[in-house]
Amino acid sequence: MSRTLTFEIFRYNPMDPDSKPHMQTYELDEYDSMTLFIALNRIREEQDPTLQFDFCCRAGICGACAMVINGRPGLACTTQTVKLPKKITLHPLPVFKLIGDLSVDTGTWFQNVNEKIESWIHTQKEFDPKAIEERMENALANEIFELDRCIQCGCCIAACGTARMREDFLGAYSINRLARFYIDPRDERSDQEFYDIIGSDQGVFGCLGLLGCEDVCPKEIPLIDQLGMMRRKMALRSLRQGKCS
Ligand code: SF4
Ligand code: FES
């Protein structure tokens, strides 16, 4: 039997001095295979054209639609309402700058962090557009690809206790990203160069190990394994430098 869903949605427009943060209620009849993407679009089209939220690919690829769904960060476009109770509460992702209602600016956060961690392959080799790409063992290529599946949705940052407490924490996203370059033989950075970026409380040593990041990652990236691997490598570097007792 089809249900009538009740949506409690966070509303606030930081650009409007008269706007106050509050929750607004909407009701919608559910149908088979309805996703939150469909539900939100129907609410906007049929009930409230002022409701702000982000979507782009509608297929779990772009990461734009991440929001807090009944208290848990997730992707609205791949979340079916049938998996949720009748009452659905939606908030914007914390940590990121609020644009309005459910829409946040993850782009600026990711750009800043990508610059900080120098999120690109570092090599002295001259770029030759005509060169054939160097071969790599399939197993290693797959290992790198596994970590490259991140869609920069921000769910891991929103679920991270440390990121909520300190603005400078680089978060699971960055540690995973650097782990990806660490195992890539084309990246010529030394252990010391990786250490200089994440060998501190801003990086691998700041994580409290609450595991929220991996729990909510929609791409099921093994974030805790990457943290463990990078932490061991960076701890070894600390020992060599006499920074650990
Ligand atoms: Fe999203 Fe997972 Fe990438 Fe974090 S690691 S930004 S949760 S896809
Ligand atoms: Fe692209 Fe949801 S709209 S991931």
Side-chain angles (χ1 to χ4, degrees), residues 7-24 26 35-37 39-41 43-44 48-79 88-120 148-178 180 197-198 202-203 206-207 212-219 221 223:
F7 289 86
E8 291 280 328
I9 301 182
F10 176 84
R11 304 297 313 271
Y12 177 50
N13 180 357
M15 303 299 284
D16 176 358
D18 296 328
S19 175
K20 301 255 180 306
H22 64 283
M23 300 300 286
Q24 190 160 345
Y26 303 91
T35 61
L36 284 179
F37 162 77
L40 284 168
N41 274 286
I43 291 172
R44 185 156 66 184
D48 188 345
T50 67
L51 184 61
Q52 295 187 69
F53 51 85
D54 297 316
F55 287 94
C56 192
C57 71
R58 295 176 286 163
I61 296 167
C62 73
C65 67
M67 58 185 69
V68 180
I69 305 160
N70 284 351
R72 186 183 170 90
L75 298 182
C77 72
T78 55
T79 301
I88 299 170
T89 308
L90 302 176
H91 286 92
L93 290 186
V95 181
F96 303 99
K97 185 177 167 217
L98 182 71
I99 294 172
D101 303 335
L102 301 173
S103 171
V104 293
D105 177 6
T106 50
T108 303
W109 191 94
F110 279 104
Q111 186 175 339
N112 288 341
V113 106
N114 282 329
E115 281 169 13
K116 242 190 230 172
I117 66 172
E118 302 188 9
S119 180
W120 54 87
D148 253 348
R149 291 181 304 108
C150 171
I151 54 171
Q152 300 195 349
C153 64
C155 288
C156 57
I157 306 302
C160 172
T162 312
R164 300 286 293 272
M165 287 186 288
R166 47 184 300 172
E167 260 181 42
D168 60 350
F169 186 55
L170 294 166
Y173 162 78
S174 312
I175 294 165
N176 176 66
R177 192 82 189 128
L178 282 175
R180 175 249 175 274
I197 301 171
I198 49 163
Q202 278 183 36
C207 172
C213 52
E214 185 165 313
D215 277 355
V216 300
C217 175
K219 304 318 267 186
I221 296 174
L223 297 172

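Every value quoted in this text rests on a predicted model; they were computed, and no experiment measured them.
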Considering only heavy atoms from C-beta outward, does the side chain of Val68 approach that of Leu93 to under 4.5 Å? yes
Do Leu223 and Cys217 have side-chain heavy atoms sitting under 4.5 Å apart? yes
Taking the side chain as everything from C-beta on, heavy atoms only, tell me whether Lys116 gets closer than 4.5 Å to Ile197. no
Sole candidate of Asn112, Asn114, Thr108 that passes side chain to side chain contact (heavy atoms under 4.5 Å, CB included) when paired with Phe110: Asn114
Salt bridge Asp101-Arg44, side-chain N to carboxylate O under 4.0 Å: no
Testing the basics here: between Tyr173 and Ser119, what is the closest heavy-atom pair and its distance to 0.1 Å? OH-OG, 4.4 Å
Would you please test Arg11 and Thr50 for side chain to side chain donor-acceptor pair (under 3.5 Å) and show each step? CA-CA 10 Å; Arg11 304 297 313 271; Thr50 67; 3.0 Å; yes
Find out whether Phe169 and Glu167 are in side-chain contact, i.e. whether some heavy atom of one side chain is under 4.5 Å from a heavy atom of the other. no
Check Trp109 against Leu170 and note the closest heavy-atom contact, atom names and distance. CH2-O, 3.8 Å
Is a side-chain N or O of Arg58 found less than 3.5 angstrom from the main chain of Phe37, in a donor-acceptor match? no
Shortest non-hydrogen contact between Asn13 and Ser19, atoms and distance: N-OG, 2.9 Å
Provide the closest heavy-atom pair for Cys77 versus Gly60 in the form atom of the first, atom of the second, distance. SG-N, 3.3 Å
If you define the side chain from C-beta out and look only at heavy atoms, does anything of Ile157 sit under 4.5 Å from Val113? no
Nearest 0.5 Å, what's the CD-OG1 distance between Gln152 and Thr106? 8.0 Å
Ile9 side, atom CD1; Ile88 side, atom CD1 - distance, nearest 0.5 Å: 9.0 Å
Spacing of Ile198 atom CD1 and Cys207 atom SG [to the nearest 0.5 Å]: 11.5 Å
Heavy-atom closest pair (Glu8 atom, Met23 atom, distance to 0.1 Å) is O-CE, 3.5 Å
Do Phe7 and Leu40 have side-chain heavy atoms sitting under 4.5 Å apart? no
Atom CZ in Arg177, atom CD1 in Ile221: separation rounded to 0.5 Å? 10.0 Å
Residue pair Phe10 / Pro92: nearest heavy atoms and the distance that separates them: CD2-CD, 3.5 Å
Look up atom CD1 in Ile69 and atom OG1 in Thr89, then write down how far apart they are to the nearest 0.5 Å. 11.0 Å
Look up atom CG in Leu75 and atom NZ in Lys219, then write down how far apart they are to the nearest 0.5 Å. 7.5 Å
Is any side-chain heavy atom of Asp48 closer than 4.5 Å to one of Gln24? yes
